[in-house]
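Written out below as structure tokens is the structure these notes cover.
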Number of protein chains: 2
Amino acid sequence: MTRLSAERRREAIIHAALAVARRKGLAATTVRDVAAEMGSSSGLIHHYFDSMDEVLAAAFERVAKEDLEQTEAMLADLGDPAAVLAEFLGSYGRVDDDWAFQLWMDAWAEAARRPVLRATSARLNLAWAALLERTIRAGVTSGVFHCTDPGGAAWRILSLVDGLALQVVAHRTTVDRADMLAWATRAAEGELGLSAGSLGNGARRADAATRPR
Amino acid sequence: MTRLSAERRREAIIHAALAVARRKGLAATTVRDVAAEMGSSSGLIHHYFDSMDEVLAAAFERVAKEDLEQTEAMLADLGDPAAVLAEFLGSYGRVDDDWAFQLWMDAWAEAARRPVLRATSARLNLAWAALLERTIRAGVTSGVFHCTDPGGAAWRILSLVDGLALQVVAHRTTVDRADMLAWATRAAEGELGLSAGSLGNGARRADAATRPR
DNA sequence: ATGGAAGTTGCGCATGTGTCCAACTTCCGG
DNA sequence: CCGGAAGTTGGACACATGCGCAACTTCCAT
């Protein structure tokens, strides 16, 4: 294996771990898988991480944070709250190509039994809700949204979309991806006092979202 | 081990599997764990179930089906759709005392890796949505609800409540139980064209639901 | 009572897991 | 150029997993 600095090697390990997790899920990601993905020996992983648990925790945090920061950057860039919200909902239309959502489900299920994981997961979920709430408030201020309870609306939209995505990813058969997007969009429009269709046609978006993230 | 009839032994295995799953989670429940819990040999489990996947599916089904049938009976008994819906939402107000919801989260996360469990989980989730849809249709027929899309509304209400309950049970800190109930109630009222408060005051209900199921 | 059926055993097998470590290779400062 | 430091190796180790199976025990119908 090509020799790397400690810093770069840690990155490479996390990167490889994510590549494997994408294929097999976080729970099924093994030391040997990661080593094979990197093209190195398995001993190398334990030279940089005390345990496999730490590798997985680092990988989970990396992914969850990345998505969040990406959306946060988007909110800063395009100031239009409606566009941000539409893009947020649209990103869920891609969850079944998206191994990240399986990661979230794993995290939620394990949270009750793993305090450290619970703290991380709770923190990131709160950040998502806060981001959504800020977006809604911005929309209310600029007059495009009408909502008396931005905090509650944020949690309702987030939870609805999580609940629908859960059906799409876990069962594949109960809820259709296009339905998920259309329903979530409709509900968001209702929450924010928008006319139907003003957040975009859900069905059309779903078609456009067949490519992976 | 004391000799049991095939029927009783299957029951005992399911019972033991649930006891283990309660402690360690569905994903971490192993053949040997279940055998130890029963005080029997591990071979016995495979004499009654073709695979561990089936054991877990049967265990999950046992718990999940019970709740469903209870609610279905309630729908038959008290014909009032609004009362059924209120009770349905109220039952979620007790999820954090309720280990059944943790089981649902375990099942959703594991569904991707265990085909039999996935099929069971999908089937039961569909049944819940169907039950909700029937309730909504009944309300529309009798004129108390107004809803143009009972199927979609059923999935939206179910998914919202699942998404909120997920926060309550997995994180304990992000969403408050009273909020969950109030928000879900408000959203349901919106879906069904009801005035605020007509499905019951969420906060009051939440107080009444501090005792376990 | 006896023989077959059915419940139960407990170990073996193949496979997979995280962790550890002594040896090897590569790099770079002196 | 050379010697120590740091990156890397690859297999050993102990343990866990699902599953299969031949032998053993218990029961009940004949």
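Labels below follow one simple rule: chain letters A, B, ... track the order of the sequence lines, proteins then strands, and each chain is numbered from 1. Keep in mind that what you see is a predicted model, and the values were worked out from it rather than measured.
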Practice prompt. Mind checking A/R32 for me? I need base, sugar-phosphate or nothing, with any heavy atom below 4.0 Å counting as a touch.
Written response: base
Item to complete: Please work out if B/F49 contacts a base, only the sugar-phosphate, or nothing of the nucleic acid, heavy-atom cut-off 4.0 Å.
Response: nothing
Discussion item. Check this for me: does any side-chain nitrogen of one of A/E37 and A/R32 sit under 4.0 Å from a carboxylate oxygen of the other?
Written reply: no
Worksheet entry | Distance below 4.0 Å between A/R9 side-chain N/O and D/dG7 OP1 or OP2 | no
Worksheet item: Quick one: is A/S41 getting a side-chain N or O under 4.0 Å of the D/dT9 phosphate, OP1 or OP2?
Response: yes
From [atom1] of [X] over to [atom2] of [N], roughly how many Å is that when rounded to an integer?
| X | N | atom1 | atom2 | value |
| --- | --- | --- | --- | --- |
| A/Y48 | D/dT9 | OH | C1' | 12 Å |
| B/I13 | D/dC19 | CD1 | C1' | 14 Å |
| A/H46 | C/dT17 | NE2 | C1' | 10 Å |
| A/H47 | C/dA22 | NE2 | C1' | 13 Å |
| A/D53 | C/dG18 | CG | C1' | 10 Å |
| B/R114 | D/dT17 | CZ | C1' | 10 Å |
| A/L44 | D/dA6 | CG | C1' | 12 Å |
| B/E54 | D/dC19 | CD | C1' | 13 Å |

Item to complete: Assess the side chains of A/D162 and A/W108: does a donor N or O sit below 3.5 Å from an acceptor N or O?
Response: no
Nearest of [options] to any side-chain atom of [X]?
| X | options | answer |
| --- | --- | --- |
| B/R3 | C/dC11, D/dT8, C/dG7 | C/dG7 |
| A/M52 | D/dT9, C/dT8, C/dG18 | C/dG18 |
| A/T30 | D/dT8, C/dT17, D/dC19 | C/dT17 |

Worksheet entry | Lys/Arg cation over aromatic B/F145: B/R137, 6.0 Å, 45° cone | no
Response to the item:
Taking every heavy atom of A/M105 against every heavy atom of B/A109, the minimum-distance pair comes out as O-CB, 3.7 Å
Discussion item. Parallel, tilted or perpendicular, judged at 30° and 60°: which one describes the rings of A/Y92 and A/F88?
Written reply: perpendicular
Worksheet entry | 5'-most by nearest nucleotide on DNA chain D - B/S42 or A/S40 |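 Result: A/S40.
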